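Below: the structure, in structure tokens.
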Protein chains: 2
Amino acid sequence: MLTSSVENYLKAIYYLQHESGWANTSAIADHMTVANPSVTMMLKRMAAMQPPLISYTPYEGARLTPAGEKQALEVIRVHRLMETFLVRVLGYTWDEVHADADRLEHASSPLLIERISALLGDPVRDPHGEDIPDRNGLLPNRSELPLTNLIAGQSGRITRVAADRPEILRYLGEIGLNLDVTVEVLEKAPFEGPLTVHSSESGSDHALGREITNRIFIDAAH
Amino acid sequence: MLTSSVENYLKAIYYLQHESGWANTSAIADHMTVANPSVTMMLKRMAAMQPPLISYTPYEGARLTPAGEKQALEVIRVHRLMETFLVRVLGYTWDEVHADADRLEHASSPLLIERISALLGDPVRDPHGEDIPDRNGLLPNRSELPLTNLIAGQSGRITRVAADRPEILRYLGEIGLNLDVTVEVLEKAPFEGPLTVHSSESGSDHALGREITNRIFIDAAH
DNA sequence: AACCTTAATTAGGATATGCTAATATTATAC
DNA sequence: GTATAATATTAGCATATCCTAATTAAGGTT
């Protein structure tokens, strides 16, 4: 069985690899709030495991092997199931779930995971709209685009909010930007400036910087 | 914050102290399936903590300080809440809960604990009939006696089953010896021999050794 | 092509937890 | 009251994970 630490590295590498195709030492260190040498050590260990979880090229970085990706998807499945459970069963808000899910994900037996999934009706989306891998690690293909990509006058349904900081999630919830809400872009300031959007839920308008609108995703199926 | 390891030692010391008034090195080592020297080391560390969790006398053993007892009761509270949750919400049987609760108890935030307790209606008894300490670590006083102490012809309600091994719990469940079931002692063999008991739940009779009947408790309020 | 910057690695150490083998202490038995 | 058995501790070592400081490698500049 993998240690929690290894599971956390797997998650980090998975995310970085899916953002930029490659996970280098500093990026992992940043993502995990850990010093660089700790990452180097761990990458070597993970590459030396039987079977190897990553392939590692010094001075370049790491990529998940198929075995590593399978494990990473399992951890992500549990994390997202836990977040869903915390919101749906225990009444957490979407900004409260992350830290607790992070701990629970390392303390879950296969039985617990199955029971939680069944209790929730085998959910496919967590409280932030992230896909929940199924038992086999399969993710649905979705078509969505960042809110930033809409032009003024366009509107769409929020399918995912990939904000990492709880404060941002709380703020978005407060101004009515929740999952499945329809938003309309009223104005898009030039020079990479903010977007002014209207929430159908709250009925109010708000200006949002692009660091945020890049992380709010809209159904592209229209 | 305490590590899981320290939390486990606290639990072990608490149990041993309540069984025999004192927790010595070997007993702790046995209870935790760990080598003796590991225990000695840990006891020293726990006695040196600020505030000390135990008082430790070399070659004698350990006792919880008030601070240690408070922490131990908190861990036990979480453990028993988790067991209750696993049974009531996730449909575990009483023999399946222990290992999972053992891991979850170390991964629970204060918020999680409060929410679970509230969801369950602040339960006071876990699936084995063990008392759940309240938020302040207080335990109700109960009057109960081991099934062994009944004489032939007496009957009573099962209030607690302190069997540690899951196989025993499973067996007891199968023959209808569950919490709150009324049992009658039909026969009590001499020379510390087995008791033959009748379960009102299953309607069947079974002979049980005293290692088991010592761990089944009956309401003494009658 | 030598130089500099940035990023990554190695060197050396710390902490928490476990182990086995060797030693010391306490308790028991004559 | 000494010898022995049972129990506990110390010594020495291992692993997983983290750290800081020093060194090395890679990539871009002149």
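Bear in mind that the values here come from a model prediction, so they are computed numbers and not experimental data. Throughout, a chain's letter reflects where its sequence line sits, starting with A, and its residues are numbered from 1.
- Side-chain polar atoms of A:E96 and A:T93 form a donor-acceptor pair below 3.5 angstrom.
- Atom CG of A:N24 and atom P of D:dA25 are 19 Å apart (whole Å).
- Separating the CE atom of B:M49 from the P atom of C:dT15 is a distance of 14 Å, rounded to the nearest angstrom.
- Residue A:Y9 places at least one side-chain N or O under 4.0 Å from the OP1 or OP2 atom of D:dC18.
- For the pair B:D30 CG and D:dA6 P, the computed distance is 15 Å after rounding to whole Å.
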Just list the side-chain donor-acceptor pairs under 3.5 Å for residues 34-49 of chain A, sequence neighbours left out, or say none.
none

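- C:dT17 atom P lies 15 Å from atom CD1 of B:I28, rounded to whole Å.
- Side-chain N/O atoms of B:S117 and B:D122 include a donor and acceptor closer than 3.5 Å.
- Using modelled atom types, one finds a donor on one side chain and an acceptor on the other under 3.5 Å when comparing B:S109 with A:D100.
- Nucleotides of DNA chain D nearest to B:Y59 and A:S4 differ in position, and the one nearer the 5' end is that of B:Y59.
- Looking at heavy-atom distances under 4.0 Å, A:V34 makes contact with sugar-phosphate atoms alone, never a base.
- When the nearest nucleotides of DNA chain C are assigned to B:P58 and A:E60 by heavy-atom distance, the more 5′-ward of the two goes with A:E60.
- Rounded to whole Å, the distance from CG on A:L16 to C1' on C:dA7 is 16 Å.
- The phosphate of C:dC19 (OP1 or OP2) has a side-chain N or O of B:S38 nearer than 4.0 angstrom.
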Seminar exercise, completed: Once base and sugar-phosphate atoms are separated, protein heavy atoms under 4.0 Å mark nucleotides 10-16 of chain D, 5' to 3', with B, S and - as B-----S

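- Only one option out of B:E105, B:E114, B:E83 pairs with B:R77 in a salt bridge (charged side-chain N to carboxylate O under 4.0 Å, His left out); it is B:E114.
- Rounded to an integer number of Å, the gap from CE of B:M46 to P of C:dG18 is 11 Å.
- Taking atom CH2 of residue B:W22 and atom C1' of nucleotide D:dT7, one finds them 15 Å apart after rounding to whole Å.
- If you take CG of B:L2 and P of C:dA16, they are 12 Å apart, rounded to a whole angstrom.
- In this structure, the ring of B:H98 has its center less than 6.0 angstrom from the ring center of B:H79.
- Between A:F85 and B:F85, the gap from one ring centroid to the other is short of 6.0 Å.
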